[in-house]
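In what follows, a single structure is set out as structure tokens and then discussed.
Throughout, numbering of the chain's residues begins at 1 and tracks the sequence. Values below: every heavy atom of this structure, side chains too, minus hydrogens, waters and symmetry copies. As the structure lists them, so they are numbered: ligands from 1, and atoms in each ligand from 1.
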Amino acid sequence: MDFKELAKEYGTPLYVYDFDYMTAQYNELKEAFRGRKSIIAYAVKANSNLSVIKHFAKMGSGADCVSIGEVRRAFLAGIPAYKIIFSGVGKSDAEIREAIERDILYINVESEAELGRVELIAKELNVAARISIRVNPNIDPKTHPYISTGLHDNKFGVDLDSAKRMYIKANNSQNLDPVGIHFHIGSQLTELQPIREAAEIVADLVRSLDAIDIELKFFDVGGGLGIKYDNETLIQPYDYAQAILGTLTGLDMTILCEPGRFLTANAGYFVTKVLYEKQNGSKKFVVVDGAMNDLLRPSLYNAYHEIEALTENKDDLREVDIVGPVCESGDFFAKDYALPPLNHNDLLVIKSAGAYGFGMGSNYNTRGRSAEVAVENGKARLIRRRENFDDLIALETKYLED
Ligand SMILES: *Cc1c(COP(=O)(O)O)cnc(C)c1O
């Protein structure tokens, strides 16, 4: 990847995505479930650029969406309705209505109250809405607390008893069609055991529902497969698939898997330019043109990203804080990170930035968001132009006269 050339062509800060890497990740996971009916439903929130979604659509991927906006993106990018699912703990009536009208595969319901809303809206529309219930198996996924979702302490899903009650209610309703069951215990998972335990708990619930003639077709195992940011030991896709399939003996269900980070994180690079070096007492800072509004993960989770300096001299390393121009002390990409001496306009490449990077961006400090570039078969193309000042004020200017 010729980052210098890309930076010259498209400017900085810049997101660059290796689409061929995404293809390879998708194929590896799909292959792991070989011999079983499976749908890989790309978790759109990880990187919701339309061209990224379209790339997965072309491979046969479905989409896991957490807002109606994401559902609309999935449609625009060419994902067929029957491979789109809609998850999330707080869906508005308008979102539920549109999801039903668009006839997506199913809505992942996350509470009894929500089940009631879905039923009511489906009744108004005179249809039976396909649903799945998100079960919270109360399993500690051993990941960062902000991305842990399968404990009763977390807001997600419903406990087993509630789930069973909800399935019985749904099965007795004219306007609900329970077709699936769902769990998603967290993100950046690097241990298999919690996933296996969660799958076992949920598979047992499926069997107990089967016994009362509530037959579900889709076993939705969520996403969460971890990736290498630093020196994590990873779950191999094959082992992941085997662990899940091992819990499903006697059940003929289609597996739904909702990876986000696994498919896109290590395909992405955030390229930023050095503005200055500065020293405050004994502390050395490298100030770059990218900031927390472009890539929030270090500020939000204290997340580690590998950073490479594109300099001739790779030696003479010193420990520096790499910071952006935003007026927050939390605006950093790394602290005490070993980098060689840097000059004005040298480039830094921040790795593993393809998931939860651009999408978490904002316009804080009236900074336009970066351009995004795809590289595929050695060719680069723009997939989102850089935001300019006019974009940032477009929704406000007409009110100036008031
Ligand atoms: C965020 C999310 C995912 C994707 O998580 P990754 O860790 O990126 O794989 C999948 N399913 C649901 C319901 C989610 O909220």
Side-chain angles (χ1 to χ4, degrees), residues 22 25-26 28-30 32 39-48 52-53 56 61-67 69-71 73-74 83-91 95 99 104-111 114 131-137 141-151 154-158 180-192 194-195 198-199 202 218-229 232 234-235 237 240-241 244 255-268 296-297 300-301 303 352-360:
M22 294 184 192
Q25 292 293 95
Y26 178 88
E28 185 179 6
L29 193 55
K30 183 72 189 166
I39 297 175
I40 308 288
Y42 169 54
V44 168
K45 74 175 186 288
N47 185 326
S48 52
V52 171
I53 306 171
F56 289 115
S61 179
D64 174 48
C65 305
V66 291
S67 71
E70 288 191 356
V71 172
R73 278 183 183 270
K83 286 186 186 173
I84 295 176
I85 53 188
F86 183 18
S87 313
V89 74
K91 304 176 193 77
E95 288 183 307
I104 63 169
L105 181 58
Y106 55 76
I107 296 174
N108 262 328
V109 172
E110 299 221 14
S111 63
E114 187 185 22
I131 58 125
S132 149
I133 290 168
R134 178 165 179 176
V135 177
N136 182 325
K142 306 200 168 67
T143 185
H144 189 287
Y146 286 12
I147 49 177
S148 162
T149 55
L151 281 166
N154 306 126
K155 68 180 173 182
F156 298 97
V158 298
I181 193 159
H182 177 232
F183 64 96
H184 171 75
I185 58 172
S187 197
Q188 184 55 14
L189 306 177
T190 53
E191 289 185 35
L192 200 49
I195 301 173
V202 175
F218 299 100
F219 193 77
D220 182 343
V221 300
L225 263 184
I227 61 110
K228 218 174 178 64
Y229 286 102
E232 297 88 347
L234 300 183
I235 300 168
Y240 172 71
I244 289 162
I255 304 284
L256 243 113
C257 182
E258 309 165 345
R261 192 188 311 269
F262 176 81
L263 296 178
T264 63
N266 276 333
L296 184 63
R297 299 189 71 259
L300 184 62
Y301 311 119
S352 313
Y356 308 105
F358 184 92
M360 281 190 174

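With sequence neighbours left out, Y229 forms a ring pair (Phe, Tyr, Trp, His ring centres under 6.0 Å) with H305. E110 pairs by the salt bridge (Lys or Arg N to Asp or Glu O under 4.0 Å) definition with R134, not counting sequence neighbours.
At a heavy-atom distance under 4.0 Å, only side-chain atoms of D64, from C-beta outward, approach ligand 1.
Note: S48 OG to E70 CD = 6.0 Å, rounded to the nearest 0.5 Å.
At a 3.5 angstrom cut-off on N or O pairs, F262 does not count as close to ligand 1. For ligand 1, the polar-atom distance check finds no N/O of G186 at less than 3.5 Å from any of the ligand's N/O atoms.
Close approach of ligand 1 to R261 is summarised as follows: ligand atoms under 4.0 Å from at least one heavy atom of the residue are 6 (P), 8 (O), 9 (O). Atom numbering of ligand 1 starts at 1 in the shown order; those under 4.0 Å from a heavy atom of R134 are 13 (C).
When hydrogens are left out, the protein atom nearest atom 7 (O) of ligand 1 is S187 OG, 2.3 Å; that is the closest non-hydrogen contact.
The heavy atom nearest to atom 2 (C) of ligand 1, out of those in E258, K45, Q188, is found in K45. Among F183, Y42, Y356, the residue whose heavy atom lies nearest to atom 8 (O) of ligand 1 is Y356.
At least one heavy atom of P259 sits closer than 4.0 Å to an atom of ligand 1.
Minimum interatomic distance between V135 and F183 (heavy atoms only, all atoms of both residues): O-CB, 3.6 Å.
The backbone N or O of E95 sits nowhere less than 3.5 Å from a side-chain atom of K91 that would complete a donor-acceptor pair. Between the E258 side chain and the V221 main chain, no donor and acceptor come within less than 3.5 Å of each other. Between the side chain of S61 and the backbone N or O of I40, at least one donor-acceptor pair lies under 3.5 Å.
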